[in-house]
Protein chains: 4
Amino acid sequence: MQASNSSDKQDAPGARTFTESARRAQIVAAAIEVIAEVGYSKASFARIARHAGLSSTGMISYHFAGKDDLMREVVVEVMRVAEAYMRPRIEAESDFSARLRTHIESNLALLVEYPKHLPALIEVLTNVRGDSAGLGEFVGVTEEMNRVLAERMREGQRVGAFREFDADVMVHAMRGAIDEVVGRAAREPGLDVTACGRELAEIFDRATRNTAP
Amino acid sequence: MQASNSSDKQDAPGARTFTESARRAQIVAAAIEVIAEVGYSKASFARIARHAGLSSTGMISYHFAGKDDLMREVVVEVMRVAEAYMRPRIEAESDFSARLRTHIESNLALLVEYPKHLPALIEVLTNVRGDSAGLGEFVGVTEEMNRVLAERMREGQRVGAFREFDADVMVHAMRGAIDEVVGRAAREPGLDVTACGRELAEIFDRATRNTAP
Amino acid sequence: MQASNSSDKQDAPGARTFTESARRAQIVAAAIEVIAEVGYSKASFARIARHAGLSSTGMISYHFAGKDDLMREVVVEVMRVAEAYMRPRIEAESDFSARLRTHIESNLALLVEYPKHLPALIEVLTNVRGDSAGLGEFVGVTEEMNRVLAERMREGQRVGAFREFDADVMVHAMRGAIDEVVGRAAREPGLDVTACGRELAEIFDRATRNTAP
Amino acid sequence: MQASNSSDKQDAPGARTFTESARRAQIVAAAIEVIAEVGYSKASFARIARHAGLSSTGMISYHFAGKDDLMREVVVEVMRVAEAYMRPRIEAESDFSARLRTHIESNLALLVEYPKHLPALIEVLTNVRGDSAGLGEFVGVTEEMNRVLAERMREGQRVGAFREFDADVMVHAMRGAIDEVVGRAAREPGLDVTACGRELAEIFDRATRNTAP
DNA sequence: GATGAATGAGATTTCATTCAT
DNA sequence: GATGAATGAAATCTCATTCAT
């Protein structure tokens with residue numbers, strides 16, 4: 001008999017119980033709401049646990065590796081929902097200009113449908129810097145999405161659907177304008193988000209439109 | 001440029017010695033830099049004191065009624081600088097469209113001149129909620145400024161300089177687009193902010209332009 | 001080699017199924033390795049469970065009455081192995097001096113054979129104080145073993161095999177010197193433990209040798 | 001006016017108030033006693049603070065950068081005391097053999113004089129592994145001290161004062177034998193440590209003595 | 001006016017243990 | 001017999017604020 005198996009065994013990392021997944025989802029949902037309501041910095045485990053009806057913060061630490069892990073799941077969840085909501089709507093359109101309008105309008109329709117998701121996403125992404133290891137990645141993901149969007153715009157420019165402009169600046173302007181509506185909606189409960197969406201769509205349609213003959 | 005007296009101490013309204021004002025200004029300047037560099041949530045008194053070359057956080061508490069008070073001064077200072085920088089440039093223009101362009105371009109020129117001021121302002125304003133007593137006021141101030149801006153736009157619409165659109169949405173879109181450049185500039189050091197300003201100006205010129213005959 | 005039954009469960013004294021014993025043995029083996037590798041204080045149930053390929057710490061609590069119980073089994077197991085290894089080798093020798101040498105050398109040979117056992121034992125015994133109910137007993141067991149050893153030495157003194165010295169101090173010196181090699185072996189992987197054993201044997205042979213005519 | 005001093009200022013690191021130093025010393029003293037009494041793993045900030053008559057653990061965190069920092073100070077303090085106590089006594093002796101005896105005896109005399117210091121030192125050093133950044137250094141310091149000691153022994157061998165043996169093993173044997181007395185003294189309050197010192201000195205004198213003509 | 005020292009609340013995290021299934 | 005889930009205590013650390021000097 002000799003000393004054996006000196007390195008820890010590891011379960012298949014994807015294996016997760018039903019109840020475990022349910023709990024995680026429940027906690028993520030609570031986190032989204034708390035973050036949207038009180039902001040990232042005040043969204044402590046204690047508050048999230050209370051909101052989720054859990055008896056202790058240890059519960060959250062039990063299901064998530066740490067605050068970063070939870071926040072990552074928040075981002076993943078919101079992006080999942082956003083993708084599922086927006087992509088089919090956008091892809092249903094065929095010409096560049098309509099896609100652009102639909103991108104903006106479906107993004108804000110998503111805000112109407114899930115009023116806490118986008119505020120939470122913005123809170124998390126703006127309160128994360130170079131630190132927090134695995135979360136910085138999502139800043140990268142967002143930037144990548146913006147790059148793809150800009151590339152689409154450049155295609156539109158090549159085929160004459162759009163005028164000449166700096167596509168990166170345009171994409172970020174759109175992004176900023178939409179996020180501003182998200183922020184306003186949180187501060188002004190009565191705001192007609194759908195109407196804002198139409199206005200923004202018009203703004204960026206005019207800003208991108210090719211007026212050459 | 002003098003230290004402002006816009007926030008009064010409890011007992012002696014407006015009265016403040018020179019050294020006191022100098023200390024406050026020094027601390028506010030340090031706070032702006034720290035907030036811009038590490039973000040609002042990590043901008044603790046300890047970090048600000050260290051950055052200002054102070055030996056203890058007690059110094060800050062001594063000069064400011066609390067964190068809210070300091071943050072209010074940060075906002076006041078940045079707005080003072082912004083106002084001093086942008087207003088004359090904007091007022092030098094006479095027609096609506098030029099004023100709009102100048103608003104955007106001077107705002108981003110300000111970012112080039114004072115790279116920490118606008119990031120700090122945005123950090124503070126986005127990390128403040130209904131709580132923190134006297135700070136919510138500044139969200140109101142900002143909204144008031146936006147309302148004034150929107151009113152100018154409506155004037156422009158009345159005289160036919162601008163097309164018909166929801167002026168509030170337009171103002172916030174501008175606001176969001178500019179703030180996005182501020183954020184990008186922090187993440188991408190090489191970004192040509194001036195060029196972004198020109199692009200944004202073009203975007204919102206086209207978005208507001210009256211194309212009717 | 002069989003799983004021992006030295007620690008009884010509450011109700012059914014001595015009765016333990018095969019799987020139960022196997023599980024206990026598996027956990028004890030994992031505990032020995034973990035303790036040797038990361039030290040007593042970091043050897044949490046979580047780590048031991050992971051090392052043993054178990055999915056939860058509940059498993060350990062299920063099979064052991066508590067951490068003390070597990071640690072007691074660790075001690076028992078190591079002592080069992082040590083006894084089985086060293087005793088026949090020592091008893092094969094007939095004169096006092098040879099027994100002393102063999103005691104030291106077989107102790108360190110045991111370290112070569114089971115590199116994790118002695119480190120684990122030392123970790124447990126040095127991290128246990130008067131508290132932890134049933135574990136203090138083992139400090140007593142160890143002391144008892146030392147007393148027996150000292151008694152043997154005094155016999156050797158009576159028959160003139162050893163010089164006069166304080167047998168307790170001598171035994172503890174031996175103990176300390178051996179344990180120090182155990183510690184060194186953990187810190188210096190290339191250490192020639194067998195050679196250390198020969199050197200130690202020589203040291204204590206000279207320290208005990210009767211030089212009188 | 002441009003943004004300036006973007007990197008935090010730093011006080012001269014050695015600057016420390018009188019009261020600050022006194023508090024630190026008080027906390028270190030309390031830590032030494034607590035560690036010696038309940039062991040490293042149970043020596044929590046809470047316990048140390050209580051022992052020192054402080055009202056909160058925050059007090060300790062205020063004066064020390066963390067647990068590692070406090071432990072480092074504990075080690076430094078004990079080594080400082082040990083050095084001040086042992087060195088002059090050892091250096092008062094001129095021949096190798098007397099120095100060896102004095103090393104052992106003064107080490108244990110130190111234990112009589114400061115009964116908590118050595119137990120605390122041993123606790124800290126044995127409960128630190130590769131982790132805890134700045135503390136691993138002290139394992140190195142200890143090893144360095146052992147190397148120096150071994151070098152002295154080899155000098156003694158070269159001049160014929162000592163017989164041939166592995167000096168490293170001898171030094172560690174001495175170390176282990178002394179530490180074992182430290183441990184015993186904690187468990188057996190009545191132990192005559194001075195007598196143990198004499199016995200150990202005799203043991204290692206005989207173990208090293210050159211018996212060749 | 002200024003400062004170092006102290007404070008206590010609150011944050012995240014880890015742990016051994018218990019419980020329902 | 002076995003297991004995943006839950007729990008609450010305790011640990012370290014950070015923070016804004018207060019106080020005595």
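The figures here come from the full heavy-atom set of this structure, side chains too, leaving out hydrogens, waters and symmetry mates. Residue numbering restarts at 1 for every chain, and letters A, B, ... go by the order of the sequence lines.
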How far apart are the C-alpha atoms of C/Arg72 and C/Asp69, what are their side-chain angles, what is the distance that settles it, and do they pass the side chain to side chain contact (heavy atoms under 4.5 Å, CB included) test? CA-CA 5 Å; C/Arg72 181 175 19 256; C/Asp69 190 27; 3.6 Å; yes

B/Lys42 to A/Tyr40 six-membered ring, cation-pi geometry met (6.0 Å, 45°):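 Cation-pi check for B/Lys42 and A/Tyr40: fails.
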
On the nucleotide [N], are OP1 or OP2 found under 4.0 Å from the side-chain N or O atoms that [X] carries?
X       : N      : answer
C/Ser44 : E/dC15 : yes
A/His63 : F/dA6  : yes
A/Ser55 : F/dG8  : yes
A/Arg47 : E/dG10 : no

Applying the side chain to side chain donor-acceptor pair (under 3.5 Å) criterion to A/His63, which one of A/Arg24, A/Glu20, A/Gln26, A/Glu73 satisfies it?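 Among A/Arg24, A/Glu20, A/Gln26, A/Glu73, the one meeting side chain to side chain donor-acceptor pair (under 3.5 Å) with A/His63 is A/Glu20.
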
Which residue, B/Ala43 or A/Thr19, contacts DNA chain F at a nucleotide closer to its 5' end, judged by nearest heavy atom?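 With B/Ala43 and A/Thr19 compared, the 5'-side residue is A/Thr19.
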
Over all strands shown, is [X] touching base, sugar-phosphate only, or nothing at heavy-atom distances under 4.0 angstrom?
X       : value
C/Ser56 : base
D/Tyr62 : base
B/Ser61 : base

Shortest side-chain distance from D/Lys67, nucleotide among F/dT17, F/dT12, E/dT13: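 Comparing F/dT17, F/dT12, E/dT13 against the side chain of D/Lys67, the answer is F/dT12.
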
Counting only side-chain heavy atoms from C-beta out, which of E/dT13, F/dA2, F/dA6 sits nearest to A/Arg23?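 The listed nucleotide nearest to A/Arg23's side chain is F/dA6.
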
Closest heavy-atom contact between B/Ser56 and B/Ala49?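 Of all heavy-atom pairs spanning B/Ser56 and B/Ala49, the closest is O-CB, 3.8 Å.
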
Can you check the A/Phe64 CZ to F/dA5 C1' distance for me, whole Å?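 Result: 14 Å.
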
